[in-house]
Amino acid sequence: LCSAIEVGRGLVTVDLEGDGDLDVLLTNGGGRARYYRNDASKRGHWLTVRAVDPALSRDAIGARVSVTAGGVTRHRYVTRTYGYLCSGDSRVHFGLGAATRIDQLSVRWLGGAEERFSPPRVDTHAILARGRGVEHP
């Protein structure tokens with residue numbers, strides 16, 4: 001399965017199936033891309049967030065999304081870069097472990113302004129729109 005010797009160029013982790021776990025896409029120099037689907041049994045909760053700025057009509061690249069759940073605060077930066085000549089999903093993924101609810105959710109937008117959002121349910125995808133609140137796809 002993973003015995004091929006290749007020259008890896010880019011590695012993207014993304015929830016391609018929308019099931020809350022991260023899958024892996026590997027690009028190779030001079031070879032074909034490889035997709036590794038995560039079929040591991042589910043052992044914890046998760047949240048996927050897409051931060052958008054409606055005034056710019058785009059994803060909020062560079063913004064920091066923060067989630068507090070189960071007494072732990074996690075931070076992720078919105079980006080699309082994952083490796084050499086490789087771009088990926090701008091959604092950020094949070095593994096929440098045993099936490100069954102989100103206590104706090106916020107985004108620090110480019111320019112430094114911070115905005116808090118009503119926490120969505122765990123095990124869901126949410127869109128955080130600057131100045132508009134939480135939307136669900």
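As the structure is a prediction and not an experimental result, all values here were calculated from the model. Side chains are part of it too, since the values below use all heavy atoms of this structure and drop only hydrogens, waters and symmetry mates.
Residues Pro119 and Gln104 have side chains not in contact (no heavy-atom distance under 4.5 Å, counting atoms from C-beta outward).
Between atom CZ of residue Arg76 and atom CG of residue Leu47 there is a gap of 10.5 Å, rounded to the nearest 0.5 Å. Arg74 CZ to Thr68 OG1: the interatomic distance, rounded to the nearest 0.5 Å, is 8.5 Å. Annotation: the span from Tyr35 atom OH to Asp23 atom CG amounts to 4.0 Å, rounded to 0.5 Å. If you take CG on Asp19 and CG on Asn38, they are separated by 7.5 Å, rounding to the nearest 0.5 Å.
Applying the ring-ring contact (aromatic ring centres under 6.0 Å, His included) criterion to Trp46, with sequence neighbours excluded, gives His125. Checked against salt bridge (charged side-chain N to carboxylate O under 4.0 Å, His left out), Arg108 has no partners two or more places apart in sequence or in another chain.
Between the His93 side chain and the Gly20 main chain, a donor and an acceptor come within less than 3.5 Å of each other. A donor-acceptor contact shorter than 3.5 Å is absent between the side chain of Thr13 and the backbone of Leu22.
Pairing each heavy atom of Ser118 with each of Leu105, the nearest pair is O-CD2, 4.3 Å. Closest approach of Ala126 and Val134 over heavy atoms only: CB-CG1, 4.1 Å.
Side-chain contact, Ser66 with His75: a donor N or O sits under 3.5 Å from an acceptor N or O.
Arg101 has a carboxylate O that lies under 4.0 Å from a charged side-chain N of Asp103, or vice versa, which qualifies the two as a salt bridge.
Open room surrounds CZ on Arg37; 12 or fewer heavy atoms of other groups in view lie less than 6.0 Å from it. For Arg58, the CZ atom sits in a packed shell: over 12 heavy atoms of surrounding residues, nucleotides or ligands are nearer than 6.0 Å.
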